[in-house]
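The next block holds one structure in the form of structure tokens; read it before the comments.
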Amino acid sequence: MRPPETLNELRRMSARIGSNILLVQGAGGNSSVKDGDVLWVKASGTWLADAEDREIFVPVALSAARAALAQGDERVPLAPNAGTTLRASIETSLHALMPHRIVLHVHSVNTIAWAVRTDARDEFARRLDGLAWHYLDYHHPGLPLARAVGAAIAQEAADVLVLGNHGLVVGAETCDAAEALVAEVEQRLALEQRGAPAADHDALRAICAGTTYRLPQDPRGHDIATDRYSRAIATSGSLYPDHVVFLGPGLPVLEHRESLHVMIARSTANGLAPPVALLVPGIGSLLREDASDGAEVMLSCLALVTCRLPLTARVNYLTAENEHALLNWNAERYRQQLTADR
Ligand SMILES: [Zn+2]
């Protein structure tokens with residue numbers, strides 16, 4: 001199947017967007033271009049950052065995808081002769097529903113820092129004034145989110161969708177225009193970062209000596225543990241889907257003077273895997289040795305989001321039901337596996 005010329009432009013733009021941690025973390029985010037009845041969309045589990053180095057796009061039969069969606073079928077039909085073993089992104093329905101030629105979905109940090117709040121409606125209205133935009137409450141990604149998006153844009157067309165507890169979608173006619181629109185929204189929603197006290201690396205090394213834990217590669221991950229406000233937010237619940245998928249619900253804390261060996265033994269005794277990431281209050285963060293690149297980058301993402309939440313913010317957490325739906329979603333297991341194999 002012959003890809004359109006624009007796909008090369010989309011690859012370059014996707015690689016740029018994908019390598020900016022303030023816009024995309026790991027396998028999150030996706031992009032697409034419509035070419036006649038074919039939707040070229042990012043494949044599930046692939047990273048936008050890899051867009052120029054490997055094939056991350058798959059062709060989807062657009063009208064068939066829209067018809068399946070209308071019937072409540074989440075499975076996305078690839079175009080005939082697609083010639084790939086990859087699956088289309090689990091967020092393909094968003095791309096199929098938006099009428100724009102180019103659609104870009106990002107988990108941008110500034111947008112998320114607003115979109116996890118219940119007290120941000122007036123700020124959105126003020127800051128996004130003049131753009132054609134919608135705000136949508138949190139919906140499980142895939143079919144439920146696609147339904148909500150379909151209803152919103154049927155009421156009034158929009159180029160910008162702010163997804164509650166999730167991220168941002170923009171649609172435009174060209175790659176440049178889509179990238180510029182993401183930059184524009186992020187600039188309008190820009191928040192100041194709160195500085196965090198330094199981590200104690202020696203103390204962390206002593207805590208994880210002889211265990212299956214290690215320090216994160218990105219030192220920013222420690223900020224969630226050393227800044228007490230970020231820590232309070234992070235330990236009170238889950239803010240957005242990819243956090244739950246890659247790190248589990250919320251973030252556990254290793255209590256003062258509790259031994260990491262004891263905590264691991266307790267998890268094992270309860271038939272649970274020890275947590276992928278945990279916080280040592282005032283000291284820093286730890287990751288399990290086998291944590292994937294996807295998990296690494298989700299820890300950094302949470303640090304970047306929580307340090308942008310003011311102390312007065314009223315935060316909306318995902319419910320236990322939302323978390324359960326994310327953790328028991330087969331499509332997500334596939335995506336995680338691909339990310340682990342990257
Ligand atoms: Zn998303």
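Both ligands and their constituent atoms are indexed starting at 1 by order of listing.
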* Same apolar cluster: Leu181 and Met98, side chain cutoff 4.5 Å -> no
* Asked: What are the protein N, O or S atoms, given as residue plus atom name, that sit under 2.8 Å from the Zn ion (ligand 1)?
  -> Glu91 OE2, His105 NE2, His107 NE2, His166 NE2
* Structure fact -> Using a 4.5 Å side-chain heavy-atom cut-off and chaining through intermediate ILVMFWY residues, the residues clustered with Leu311 come out as Tyr229
* Asked: Do you know which of Ser32, Ser89, Ser31 makes side-chain hydrogen bond (donor to acceptor under 3.5 Å, both in side chains) with His95?
  -> Ser32
* Asked: Can you name the ring-ring contact (aromatic ring centres under 6.0 Å, His included) partners of His222, sequence neighbours left out?
  -> His201
* Structure fact -> Contacts of Asp35 meeting side chain to side chain donor-acceptor pair (under 3.5 Å) (sequence neighbours excluded), chain-then-number -> none
* Side-chain donor-acceptor pair present, Asn110, Arg308, cut-off under 3.5 Å -> yes
